[in-house]
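Take a look at the structure below.
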Amino acid sequence: MTNLLEVANLEGGYGRLKVLHDFSVTVEESTITAVLGANGAGKSTMLKTISGLVPPRGGTITFAGEDITHLPVEEMIVRGLAHVPEGGGVIPELTVEENLRLGGLWRGTAGAKVTTEAIKEVYDLFERLGERRTFHGHQLSGGERQMLALGRALVSKPKLLLLDEPSLGLAPPIVARIMALLRDLRDEMGMTVLLVEQNVGSALGIADEGVVISVGNVVARGHAADLQSDVKLRHAYLGF
Ligand code: ATP
């Protein structure tokens, strides 16, 4: 299997605050890698630094064999990286359909037809969004908003999904649906996912690999099942 993403010795932070220290991770094509760790460990910063929202201060990011370390965010999207931020980033004043259309903006007017097709595929995947296409973002439930955020990312036809806590604040049955969907995207469409989660059990339940970070650095990595059964590690870093 080939690595779709290779992050090596990444450094990043905000102003004088250094958050990521020598952070490295690899993600194989068509797999799910879960990134776990306590609040403030640097998980969101790691995703933002990979997707270009926070400029890297050192290290390299290689995507599909090419160095993308210092590319602008727009170029990342064109190449197939889609970042779904914590909370989803749905725009409350826009309708479901308008939010989905944002996922295809990078194609310009010439790509409007492709975007319309991609939106149709999202409606096939999430029937609920199709039923609510004229609803505004603020009229949706938390679960629907998260589905919309995921749907918008899929409209961009990504090769890699960077997901920041998609289960946050959602009831267990909805979390289970989202996790099942991610598994289906991997198994049926070959999607590659880097998944940041506080919900350790759910994330390791679908992930192939797991990485545990603490204070911006990797403290453990391995097969998801091995991490899940490592009682010491769970107690030390994952709080259960
Ligand atoms: P959480 O699960 O709480 O989101 P996390 O592991 O994702 O935690 P980060 O959000 O990456 O952690 O935060 C890591 C550190 O960076 C924290 O000390 C946080 O206060 C700080 N931080 C995050 N965003 C910013 C920002 N925009 N400006 C300054 N400091 C920030």
Side-chain angles (χ1 to χ4, degrees), residues 4-5 27 30-35 43-44 46-48 50-51 53 73 76-77 79-92 94-107 114-199 202-203 205-208:
L4 183 61
L5 179 73
V27 182
S30 306
T31 65
I32 299 175
T33 297
V35 179
K43 304 181 298 298
S44 297
M46 179 267 306
L47 287 188
K48 288 180 195 161
I50 293 172
S51 68
L53 292 172
V73 178
M76 301 281 194
I77 297 164
R79 289 185 187 227
L81 274 91
H83 182 174
V84 180
E86 194 172 312
V90 161
I91 302 193
L94 297 183
T95 63
V96 165
E97 180 113 2
E98 288 164 345
N99 267 286
L100 288 174
R101 206 153 275 286
L102 294 178
L105 270 189
W106 63 274
R107 297 189 182 104
V114 180
T115 297
T116 303
E117 271 305 304
I119 291 175
K120 202 173 151 290
E121 286 168 23
V122 169
Y123 289 150
D124 289 341
L125 205 58
F126 304 104
E127 244 175 67
R128 186 85 174 155
L129 291 182
E131 291 161 12
R132 308 209 144 196
R133 67 183 75 192
T134 59
F135 281 47
H136 289 85
H138 65 81
Q139 293 174 293
L140 304 178
S141 69
E144 288 165 351
R145 267 203 301 276
Q146 195 51 249
M147 306 255 176
L148 177 54
L150 212 50
R152 186 178 56 193
L154 293 176
V155 167
S156 74
K157 296 270 175 192
K159 295 191 182 95
L160 173 68
L161 277 175
L162 304 169
L163 302 181
D164 201 346
E165 304 211 26
S167 79
L168 194 71
L170 302 180
I174 314 283
V175 174
R177 271 196 63 197
I178 288 181
M179 295 299 156
L181 177 84
L182 296 179
R183 199 178 42 212
D184 290 350
L185 286 173
R186 173 195 60 195
D187 295 346
E188 289 162 25
M189 294 167 61
M191 186 67 74
T192 310
V193 182
L194 186 59
L195 171 67
V196 160
E197 261 301 334
Q198 294 274 354
N199 196 330
S202 296
I206 58 157
D208 301 280

Minimum-distance pair of heavy atoms, taken over all atoms of [X] and [Y]:
X      : Y      : value
Val90  : Gly137 : CG1-CA, 4.0 Å
Ala34  : Ala203 : CB-CB, 4.0 Å
Arg107 : Val155 : NH2-O, 2.9 Å
Phe135 : Leu140 : CB-CD2, 4.1 Å
Val73  : Ser51  : CG2-O, 3.8 Å
Leu129 : Leu148 : CD1-CA, 3.9 Å

Item to check | side-chain hydrogen bond (donor to acceptor under 3.5 Å, both in side chains) evaluation trace for Thr95 with Arg132 | outcome: CA-CA 9 Å; Thr95 63; Arg132 308 209 144 196; over 6 Å; no
Checklist entry - Under 4.5 Å between any side-chain heavy atoms of Leu170 and Val175, yes or no? => result yes
Checklist entry - Is there a side-chain contact between Pro166 and Glu197 (heavy atoms, below 4.5 Å)? => result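 Answer yes - side chains close enough.
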To the nearest 0.5 Å, what is the distance between [atom1] on [X] and [atom2] on [Y]?
X      : Y      : atom1 : atom2 : answer
Leu182 : Ile206 : CG    : CD1   : 4.5 Å
Leu185 : Thr192 : CG    : OG1   : 10.5 Å
Met191 : Arg186 : CE    : CZ    : 12.5 Å
Ser44  : His83  : OG    : NE2   : 7.0 Å
Ile32  : Arg183 : CD1   : CZ    : 8.5 Å
Leu194 : Met46  : CG    : CE    : 5.0 Å

Checklist entry - Between Lys157 and Glu121, is the closest basic N to carboxylate O distance under 4.0 Å? => result yes
Checklist entry - After noting the C-alpha distance and the side-chain angles of Gln146 and Val84, does the key distance pass the side chain to side chain contact (heavy atoms under 4.5 Å, CB included) rule? => result CA-CA 9 Å; Gln146 195 51 249; Val84 180; 3.9 Å; yes
Item to check | Met76 backbone acceptor or donor facing Arg79 side chain under 3.5 Å | outcome: no
Checklist entry - Can you name the one residue among Leu81, Leu154, Leu195 that meets side chain to side chain contact (heavy atoms under 4.5 Å, CB included) with Leu161? => result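 With Leu161 as partner, Leu81, Leu154, Leu195 yield a single side chain to side chain contact (heavy atoms under 4.5 Å, CB included), made by Leu154.
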Item to check | Worked verdict on Asn99 versus Leu102 for side chain to side chain contact (heavy atoms under 4.5 Å, CB included) | outcome: CA-CA 5 Å; Asn99 267 286; Leu102 294 178; 4.2 Å; yes
Checklist entry - So, Arg101 versus Thr116: side-chain donor-acceptor pair below 3.5 Å or not? => result yes
Item to check | Audit row: Ile77, Leu105, side chain to side chain contact (heavy atoms under 4.5 Å, CB included) steps and yes/no | outcome: CA-CA 10 Å; Ile77 297 164; Leu105 270 189; over 6 Å; no
